[in-house]
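Reminder, nothing fancy here: chain letters follow the sequence lines and each chain counts from 1. Computed over heavy atoms, backbone and side chain alike; hydrogens, waters and symmetry mates excluded.
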Number of protein chains: 2
Amino acid sequence: MATTIKDIARVAGVSPSTVSRILSNKQTLYSGYATETITRVKQIAEDLNYRKNRSAIELVTKTSQVLGIILSATPTNFAQEIISGIQKEASLHHMDTIIAYAGEDDDALQLQALKTISERSVKGILLLGITLSPTNEHFLRSADIPYIFLSVAQSEPDLHFIASNDFDIGYQATQYLINHGHHDIAFVGANLESCVGHLRLDGYRQALKEHHITYHDDYVIGGNWLYVDGVHAVNILQTQVNLTAILAGSDLVAAGVMNRARQLNRVIPSDLSVMGIDGTLLCDVIYPQLTSIKQSFYEMGVQGTKQIIEKTHIESAYTSISIKDGASVTTH
Amino acid sequence: MATTIKDIARVAGVSPSTVSRILSNKQTLYSGYATETITRVKQIAEDLNYRKNRSAIELVTKTSQVLGIILSATPTNFAQEIISGIQKEASLHHMDTIIAYAGEDDDALQLQALKTISERSVKGILLLGITLSPTNEHFLRSADIPYIFLSVAQSEPDLHFIASNDFDIGYQATQYLINHGHHDIAFVGANLESCVGHLRLDGYRQALKEHHITYHDDYVIGGNWLYVDGVHAVNILQTQVNLTAILAGSDLVAAGVMNRARQLNRVIPSDLSVMGIDGTLLCDVIYPQLTSIKQSFYEMGVQGTKQIIEKTHIESAYTSISIKDGASVTTH
DNA sequence: CACTTTTATGCAAACGTTTGCAATAGTTAT
DNA sequence: ATAACTATTGCAAACGTTTGCATAAAAGTG
């Protein structure tokens, strides 16, 4: 029913190949087509409401202008930033993106997403905030499509990634608090079963160690990066009278900490300093503004996309982190 | 290079059609294939690492399992909720989604996105928070693909949408504030050039009118739904000594209002009541918790997707709104 | 004028599937 | 034993493009 290249050819009185070449601006061996033909064909194409059939094109050319993105089911605010970066870079190269959602830790859903993406002839796959199960890891490798992980570092050396150095994040945040005179610092809300959480905790411990502060088990309370985890942590930490600062696993956790602390009549930052991680927009929106370790999410998207598109050797890299100053930390 | 159905056929010693039918679980006229054949073919497919070629399938079947989503460039927090709804419903029907970003008010980008989507044989198009220019509107219609607008109502009767009733939002929010004893109520941060902003303003005015409160031009300050618009509005409204409540165009605006008001030593809600619109997660995260008009974003996504997939007659609908209670409004 | 070169276009194969229609070989019923 | 099924499989066309090669006409060149 829809107009095809042949329809145009018939109306214009030329061959399909002519139409094809004109419509995709391809010059033939010597020069090109007669300008008259070109304008006529283009005009007819427009009149007939012609739309390219991407499936046909992809079938014959065996390539596509599509990037696959695989996301963990819950698209957090920072995933959004990464996607923005991807989009920006992709559109620069006239590429489309297709997005598939994998569950948080659901192998079957992960595989589903991988299949979905790999069945379309995508130019590459960007995996956001995901760690694959061994089986799925194997599936990804055998698909023979360039891929890169974003935002979470991978341990296998051939699984390249662009992410922040999470050890550094924990280390620098803690260092910052110590430099502001804090000594009793809690670390809360991170998912300690995850690689990311583990690394950040390691960084935290290292910073303490370098300043000869004894690590205190009671000061570490796990969670899952959520608002409620911050609330929960404060509830538990109520009894810790010496505590002067809390390092939250994410900005969201920090918000929970701040609100719960306020309910308990603690003033921030004079009674309690709070520091977040991520440096999302949330920092500016809550009160007092949150001091946080800012990650370069947008940059991760851009860099990852670049690596895929430019087909240079794909390799792992850490993006920079920086301190985003707010008003939630004070000198003690 | 990649394995095709023919490769499998050769190895298995059967015809490509057999492989095709087995791999897509299609039964033939009478019963099916021999179980032995079925298991053998499936095994070989797996061994050979076979991946379907979607382009080929879409070409021959002339349909696809793909939904197109067109987004305004800045994916706000609520767009995320809508997308979640779409994803949920889509995956229920084993459909994929492809996302294209159109600029905020950039006709060329809009067209680009429309082309991108319509060239792939998508089952339908979901347009999020977008109003098309007349030309692009025409392009969309002529593509002959089912479409539906989400989250922003359209005036043309054949452009079906699922959205909140924005007049109602303005009306009910204002009503709520009036019922809480407020009389001098500002309306700030909405984009008054947009249809949505206009409707909400109308609702606001209607509520005032019904309670015989004179509409006050100085109480309305436009913006673009952003945090800074809230800050800006409070700066201007400083001089209005009678003001006891502010209705913000969005939750983000409300956050700006609250923070700026606090800087000016106003206590919320005792000195100033603030109400938001959208009912996003932000409401729970900021302090005090924000009272807001909650929109059913997730539901919009689900409903829109359902309409497209189930191919029933597509029609416009309003989703429900409700009051999300916080602590930012007090009785005056 | 007889060539060579240039310009403008067409032919036909190929991409990897799906699917309507046949076809073959057993099996039953008459 | 013949007809009538039934179960299992294969043939070949079609989907809408792209693209290497061929061709025909026109324009230069000596």
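Take A:Phe297 and apply the ring-ring contact (aromatic ring centres under 6.0 Å, His included) test, not counting sequence neighbours, and it matches A:Phe78.
Remark: P of D:dG16 and CD1 of A:Ile8 are 12 Å apart, rounded to the nearest angstrom. B:Ile22 places its CD1 atom 9 Å from the P atom of D:dG10, with the value rounded to the nearest Å. Straight-line distance from the NZ atom of A:Lys6 to the C1' atom of C:dA12: 11 Å, rounded to whole Å. Between the C1' atom of C:dT6 and the OH atom of A:Tyr33 lies a distance of 15 Å, rounded to the nearest Å. Protein atom CD1 of B:Ile57 is 13 Å distant from nucleotide atom C1' of D:dC15, rounded to whole Å. Distance A:Glu58 CD to C:dA14 C1': 17 Å, rounded to the nearest Å. Between A:Arg21 atom CZ and C:dA12 atom C1' the separation is 12 Å, expressed in whole Å. Taking atom CG of residue A:Leu23 and atom P of nucleotide D:dT18, one finds them 8 Å apart after rounding to whole Å.
Interface residues of residues 45-56 of chain A facing DNA chain D, ordered by number: A:Tyr50, A:Arg51, A:Asn53, A:Ala56; criterion, heavy-atom separation under 4.0 Å.
Set against D:dG10, C:dC11, C:dT17, the side chain of B:Ser15 has D:dG10 as its closest nucleotide. Across D:dT17, D:dT8, C:dG16, the shortest atom-to-atom separation from the side chain of B:Ala34 is found for D:dT8. Comparing D:dC11, D:dT17, C:dT17 by their closest approach to the side chain of B:Ile5 singles out C:dT17. Counting only heavy atoms from C-beta on, A:Val60 has its side chain closest to D:dG16 among C:dT9, C:dT17, D:dG16.
Checking the phosphate oxygens (OP1, OP2) of C:dG16, no side-chain nitrogen or oxygen of B:Thr4 falls inside 4.0 Å. Side-chain N/O atoms of B:Lys62 include none lying less than 4.0 angstrom from OP1 or OP2 on C:dT18. Taking 4.0 angstrom as the limit, B:Thr37 places a side-chain polar atom (N or O) nearer than this to OP1 or OP2 of D:dT9.
Look at B:Glu119 and A:Lys52 and you find no salt bridge, because none of the NZ, NE, NH1 or NH2 atoms lies under 4.0 Å from a carboxylate O. A salt bridge is defined here as a Lys NZ or Arg NE, NH1 or NH2 lying under 4.0 Å from an Asp or Glu carboxylate O, and A:Glu46 with A:Lys42 fails to meet this definition.
B:Gly85 and B:Val302 get closest at one heavy-atom pair: O-CG2, 3.6 Å.
Within 6.0 Å of CD in A:Glu310 there are more than 12 heavy atoms belonging to other residues, nucleotides or ligands. Enclosure of atom NE2 in B:His138 is not indicated, since only 12 or fewer non-hydrogen atoms of other residues, nucleotides or ligands lie within 6.0 angstrom.
Geometrically, B:Arg51 engages A:Phe139 in a cation-pi contact defined by less than 6.0 Å to the ring centre and at most 45° from the axis.
Comparing B:Thr61 and B:Arg40 by the nucleotide of DNA chain D whose heavy atom lies nearest to each, the residue mapping closer to the 5' end is B:Arg40.
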